[in-house]
Student: 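To start, I am sharing the structure in question, which I have written as structure tokens.
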Amino acid sequence: MQTPTYAPVNLAAELRLPTNWLDYTILGIYFVVVLGIGFAARRSVKTSLDFFLSGRSLPAWVTGLAFISANLAATEILGMAANSAQYGAYTVHWYWIGAIPAMVFLGLVMMPFYYGSKVRSVPEMLLLRFDKWAHLLSSVLFAFAAILIAGVNLYALAIVVEALLGWPQWVAIVVAGAFVLAYITLGGLSSAIYNEVLQFFVILAALIPIVVLGLKKVGGWDGLTDSLTKTHGANFTTAWGGTGIGSVNPLGANWLTIVLGLGFVLSFGYWTTNFAEVQRALSAKNLSAAQRTPLIAAFPKIFIVFLVMIPGLVAAVLVPKIGTADSGLQYNDAIPYLMEQLLPNGVLGIAVTGLLAAFMAGMAANVSSFNTVFTNDIWGRYVVKGREDAYYVRFGRLITVIGVTASVGTAFLASSFSNIMSYLQTLFSFFNVPMFVVFIVGMFWKRASAKSGFWGLLAGTVTAMVNYFWIYKQGIIDIPSDQGANFVSAIAGFVAGAVVMVVVSLFTAPKPAEELQGLVYGTRSPGMDEPPAVGDDAWYRKPALLGWGAVILAAACYIPFSI
């Protein structure tokens, strides 16, 4: 998940990088390849299914890498490093408990319902399970949130490029938006996904040299932990130290709110209902591949935390007063500072390209999911119905232009927030968590009525907003930090949505049992019974084995950070 930090996002002006012709050549080659993929993918777009879901034809390894790349936006890279510089090893929670269990749940439990029902989007699932009002509300909320989040990625890119390369913010916003617009408009989701696969490897190529050279600079892992223990205390390099109930820690959260607020409500709300992620799995060639998509992504997700956490820890050693007025550097400066200090030209160009790739991957994921939901779930369902398929492909390209243009506007809106990372978490508590509770109640309780979906979604969203803007911001209840407030908002929204759904269901009629086939746990749709493809019975392709393997591996990773 995107991570919150409490430092302002503006980067220090003195972090201007000593880039030369070699670095700009690497950057130029990357942009040429990105557009080339867009033109190549255009040839495969013949129907609206091709444009919005890649014709449901992609192999699991492609959709799996695209799934993790869509999440690995540069807002997360900078934010996780900043989180580590400020809070140390607490960062691992956003990966091992705040991502892996939810990704496994999506693959093993929810994807059979998503893929088997042949829906084209997450909101469409609510149309089948509940009614048009739940569907319309969820579609509008998701489209709005997608544009806001795409704008955050654009703004974060702009301030990084301005600080590192000297480009004006508006130039960076327009250039990056234009490239994302070009390759999505040309090739639809296939173009976005294949670019995300490329971007995944470019991001790794950017982060690995920073980690290796950073560790060398501070005397390896032992030198790093020894230095941090002396300057920040023993808990700084542990996962659970200081999180006992009643204990005070900078994160402003104890183990219970971490487990419930992050590990369950926010995590499951994000990973299981965020169409920007689920769309990648829906584009897989069969049910087995769709299930394996988040499970394949879970394995690199387990280890990516080291690539973003270690730079933050190294920065905390090299700049002991980072985040204070004495150093002149904010926590968000951690990775740019190490890029400037450690990387030679050429490698520097790869690192800059990796950051740009990460921003573009995050933005593309939200824009491609936005155009699918707006075209199919809003325009095609309620405004212009029953037109020929080619019309919706043309409209999808048009709304992509509008979506990118709107993202440019929300990029400047994001600039009014001093902390875009906690801003993102706030958005997730408002929009993803209420949708998650509606899904969970509807999926596991047959008695949930058609009308309960709309009222549960509305109640959850309103409650989360009331908690954040009134109870927290107005000081009605003292919550130590923005992050703690987001955890509480998520829990409050989840509980309110569930309670309202139960109450409404008790006073309204349930849907007929025959309409719930393949939509409620314990029932099956015809799509769930499709025979496995040749080779899908191999042990390494079994979803259950992959899922439990990821959970066990993530749990094992906690051991060295807990002793």
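All residue numbers refer to positions in the sequence shown, counting from 1. Everything numeric here is computed off the predicted structure, so don't read it as measured data.
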Student: What orientation do Tyr468 and Phe430 show, parallel under 30°, tilted 30 to 60°, or perpendicular over 60°?
Tutor: perpendicular
Student: Could you state the interatomic distance from OG1 (Thr257) to CZ (Phe264), rounded to the nearest 0.5 Å?
Tutor: 15.0 Å
Student: Hey, does the side chain of Glu124 reach the backbone of Arg120 with a donor-acceptor pair shorter than 3.5 angstrom?
Tutor: yes
Student: Tell me if a side-chain donor or acceptor on Thr463 pairs with a main-chain N or O of Gly460 at a distance below 3.5 Å.
Tutor: no
Student: Once the angle between the rings of Trp96 and Tyr558 is folded into 0 to 90°, is it parallel (under 30°), tilted (30 to 60°) or perpendicular (over 60°)?
Tutor: perpendicular
Student: Are Trp271 and Asn71 close enough that some pair of their side-chain heavy atoms sits under 4.5 Å apart?
Tutor: yes
Student: Side chains of residues 439-448: which donor-acceptor pairs under 3.5 Å do they make with residues two or more places apart or in other chains?
Tutor:
from: Arg447; atom 1: NH1; to: Ser505; atom 2: O; distance (Å): 2.7
from: Arg447; atom 1: NH1; to: Thr508; atom 2: O; distance (Å): 3.1
from: Arg447; atom 1: NH2; to: Ser505; atom 2: O; distance (Å): 2.9
from: Arg447; atom 1: NH2; to: Thr508; atom 2: O; distance (Å): 3.3

Student: Within 45° of the ring axis of Tyr391 and under 6.0 Å from its six-membered ring centre, is that where the NZ or CZ of Arg387 lies?
Tutor: yes
Student: Please confirm whether the backbone N or O of Leu458 pairs with a side-chain atom of Thr461, one donor and one acceptor, at under 3.5 Å?
Tutor: no
Student: Taking the side chain as everything from C-beta on, heavy atoms only, tell me whether Pro101 gets closer than 4.5 Å to Phe268.
Tutor: yes
Student: For Phe370 and Phe275, I'd like to know if the aromatic rings sit close, meaning centre-to-centre distance below 6.0 Å.
Tutor: no
Student: Assess whether atom CZ of Phe144 is packed by more than 12 heavy atoms of other residues, nucleotides or ligands within 6.0 Å.
Tutor: no
Student: Could you check Phe454, Phe142, Phe130, Tyr382 and say which one makes a ring pair (Phe, Tyr, Trp, His ring centres under 6.0 Å) with His135?
Tutor: Tyr382
Student: Could you report the tightest heavy-atom contact between Tyr115 and Leu287, atom names first, then the distance?
Tutor: CE2-N, 3.5 Å
Student: With a 3.5 Å cut-off and sequence neighbours excluded, list the donor-acceptor pairs that the side chains of residues 105-113 form with protein atoms.
Tutor:
none

Student: So, the side chain of His93 versus the backbone of Leu262: is there a donor-acceptor pair under 3.5 Å, distance only?
Tutor: no
Student: Pair Glu196, Arg280 - check salt bridge (charged side-chain N to carboxylate O under 4.0 Å, His left out), show working.
Tutor: CA-CA 10 Å; Glu196 285 161 1; Arg280 274 76 194 140; 2.7 Å; yes
Student: Give the minimum heavy-atom separation between Val305 and Val92, together with the two atoms involved.
Tutor: CG2-CA, 4.0 Å
Student: Specify the closest pair of heavy atoms between Ala550 and Ile302, including all atoms of both residues, with the distance to one decimal.
Tutor: O-CD1, 3.5 Å
Student: Given 3.5 Å as the limit, does a donor-acceptor pair link the side chain of Ser267 with the main chain of Gly98, or not?
Tutor: yes
Student: Hey, does the side chain of Ser368 reach the backbone of Ala365 with a donor-acceptor pair shorter than 3.5 angstrom?
Tutor: yes
Student: Using a 6.0 Å cut-off, check whether atom NZ of Lys511 has over 12 heavy atoms from anything other than its own residue.
Tutor: yes
Student: Report the C-alpha separation of Ser84 and Thr91 in whole Å, then their side-chain angles, then the decisive distance to 0.1 Å, and conclude whether the side chain to side chain donor-acceptor pair (under 3.5 Å) test is met.
Tutor: CA-CA 6 Å; Ser84 303; Thr91 301; 2.9 Å; yes
Student: Is atom CH2 of Trp255 surrounded by more than 12 heavy atoms (other residues, nucleotides or ligands) closer than 6.0 Å?
Tutor: no
Student: Whether the side chain of Asp131 engages the backbone of Ala134 through a donor-acceptor N/O pair (distance < 3.5 Å, no angle test) should be reported.
Tutor: yes
Student: Under 3.5 Å, is there a donor-acceptor pair between the side chain of Ser69 and the main chain of Leu65?
Tutor: no
